*Asks:* 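Take a look at the following structure, please.
Basis for what follows: all heavy atoms, side chains included, without hydrogens, waters or symmetry-related copies. So that the names make sense, note that chain A is the first sequence line, chain B the second, and so on, each numbered from 1. Computed from a predicted model, the values in this text were never measured in an experiment.
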Number of protein chains: 2
Amino acid sequence: MPTSDSLSNTFAALADPTRRAILARLASGETSVTELCRPFEMSMPAISKHLKVLERAGLITRGREAQWRPCRIEAAPLRDVAGWVEQYRQFWEQSFDRLELHLQEIQAAGGEAADKKKGAKKHVRN
Amino acid sequence: MPTSDSLSNTFAALADPTRRAILARLASGETSVTELCRPFEMSMPAISKHLKVLERAGLITRGREAQWRPCRIEAAPLRDVAGWVEQYRQFWEQSFDRLELHLQEIQAAGGEAADKKKGAKKHVRN
DNA sequence: GCATTACTTAACCTAAAGGTTAAGTATATA
DNA sequence: TATATACTTAACCTTTAGGTTAAGTAATGC
């Protein structure tokens with residue numbers, strides 16, 4: 001199944017370093033396709049495909065100005081990524097003990113989460 | 001070229017909704033592969049492959065306890081994603097005019113003191 | 001009208017992603 | 001030792017990703 005949910009599309013679009021470089025370039029301003037091609041050893045059709053992927057993910061929009069097709073970054077999907085990853089912030093900001101405490105609090109709050117692990121805390125991180 | 005940079009690996013791993021669901025499950029605590037399989041209509045080998053992708057991206061680690069292979073979330077790559085996306089925060093938090101000003105400041109900063117705002121706004125967003 | 005510039009689309013190729021079933025491996029237990 | 005449980009690996013299949021070259025389209029300018 002292609003799973004066309006937008007977060008998957010966004011992550012897939014961001015998984016290519018060429019496309020991230022294009023976004024970085026667009027962060028400093030709208031520009032043409034030919035200009036976007038310049039840094040890469042890649043044919044223009046290849047870049048055109050990358051742009052189509054970025055566009056489908058909503059990460060850029062394309063206009064028309066004479067024979068140029070100026071590309072502009074669109075940040076909404078990036079905001080969604082930031083929102084998604086934010087829910088994991090605790091995992092890299094808190095110490096392990098704080099984290100484990102937090103998880104215990106969550107599970108306690110849940111009432112009776114399926115705690116099928118018998119030995120409880122065998123795997124202590126060094 | 002496979003481009004094995006870690007950010008690309010991380011984004012690619014996160015581009016699949018099954019894998020994001022697995023991470024979400026692991027956020028509430030370490031668990032077994034069989035347990036991770038339960039919510040999905042998918043064979044265990046398929047889940048096993050997903051876990052391998054997550055492991056290669058550094059998003060999980062796997063232990064051994066008797067015949068179980070407990071999986072644990074690892075947040076470092078998520079922190080990297082948060083760091084990467086952070087550089088685009090301005091694009092969704094500021095108004096267009098504020099943004100354009102900011103970009104002009106950046107470009108001016110390459111040389112001397114920030115000073116004026118040029119006209120140059122042909123592409124005004126609706 | 002015709003050439004030039006700036007693209008996009010089509011056709012093709014190879015490799016990788018994501019699923020399957022079947023077979024293999026590690027550990028616990030009767 | 002044999003059997004069950006919990007996986008992983010192998011072999012295979014189909015679809016998609018990412019690149020190529022060649023041809024098509026849109027606007028400008030002589």
*Asks:* Is the shortest side-chain N to carboxylate O distance from Glu86(A) to Arg89(A) below 4.0 Å?
*Replies:*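 Between Arg89(A) and Glu86(A) there is a salt bridge, with a charged N closer than 4.0 Å to a carboxylate O.
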*Asks:* Just checking Thr34(A): base, sugar-phosphate only, or nothing, at a heavy-atom cut-off of under 4.0 Å?
*Replies:*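 If one applies the 4.0 Å heavy-atom cut-off, Thr34(A) turns out to touch the sugar-phosphate alone, with no base involved.
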*Asks:* Measure from the side chain of Lys49(A), starting at C-beta and using heavy atoms only, and say which of dG19(D), dC7(D), dT9(D) lies closest.
*Replies:*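 Nearest listed nucleotide: dG19(D).
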*Asks:* In terms of side-chain heavy atoms of Pro45(B), which of dT8(C), dT20(D), dT20(C) is nearest?
*Replies:*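 That would be dT20(C).
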*Asks:* CZ of Phe40(B) versus P of dT20(C): gap in Å, rounded?
*Replies:*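 Checked: the CZ to P distance equals 13 Å.
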*Asks:* On DNA chain D, nearest-nucleotide positions of Ala66(A) versus Thr18(A): which is more 5'?
*Replies:*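 It is Thr18(A) whose nearest nucleotide is closer to the 5' end.
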*Asks:* Are the side chain of Ser8(A) and the backbone of Ala15(B) linked by a donor-acceptor contact shorter than 3.5 Å?
*Replies:*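 Present.
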*Asks:* Return the nearest nucleotide to the side chain of Trp68(A); candidates are dT8(D), dT21(C), dC7(C).
*Replies:* dC7(C)
*Asks:* dG18(C) C1' sits how many Å from Leu51(B) CG, rounded?
*Replies:*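 Result: 14 Å.
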*Asks:* Return the value, rounded to whole Å, for the distance between atom CD1 of Ile47(B) and atom C1' of dT9(D).
*Replies:* 16 Å
*Asks:* In the single-linkage hydrophobic clustering (I, L, V, M, F, W, Y; side-chain heavy atoms under 4.5 Å), do Leu7(B) and Leu7(A) co-cluster?
*Replies:* yes
*Asks:* Given the rule that I, L, V, M, F, W and Y join up when any side-chain heavy atoms are under 4.5 Å apart, are Leu54(A) and Trp68(A) in one cluster?
*Replies:*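 They do not share one cluster, since no chain of ILVMFWY contacts under 4.5 Å joins Leu54(A) to Trp68(A).
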*Asks:* Which of these nucleotides, dC7(C), dG18(C), dT9(C), is closest to any side-chain atom of Asp16(B)?
*Replies:*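 Comparing dC7(C), dG18(C), dT9(C) against the side chain of Asp16(B), the answer is dG18(C).
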*Asks:* Side chain of Met42(B), heavy atoms from C-beta onward: which of dC7(D), dT20(C), dT20(D) has the nearest atom to it?
*Replies:* dT20(C)
*Asks:* I want to verify a distance call: between dT20(D), dT27(C), dC7(D), whose nearest atom is closest to the Arg64(B) side chain?
*Replies:* dT27(C)
*Asks:* Name the residue closer to the 5' end of DNA chain D, choosing between Gln67(B) and Ala46(A) according to the nucleotide with the nearest heavy atom.
*Replies:* Gln67(B)
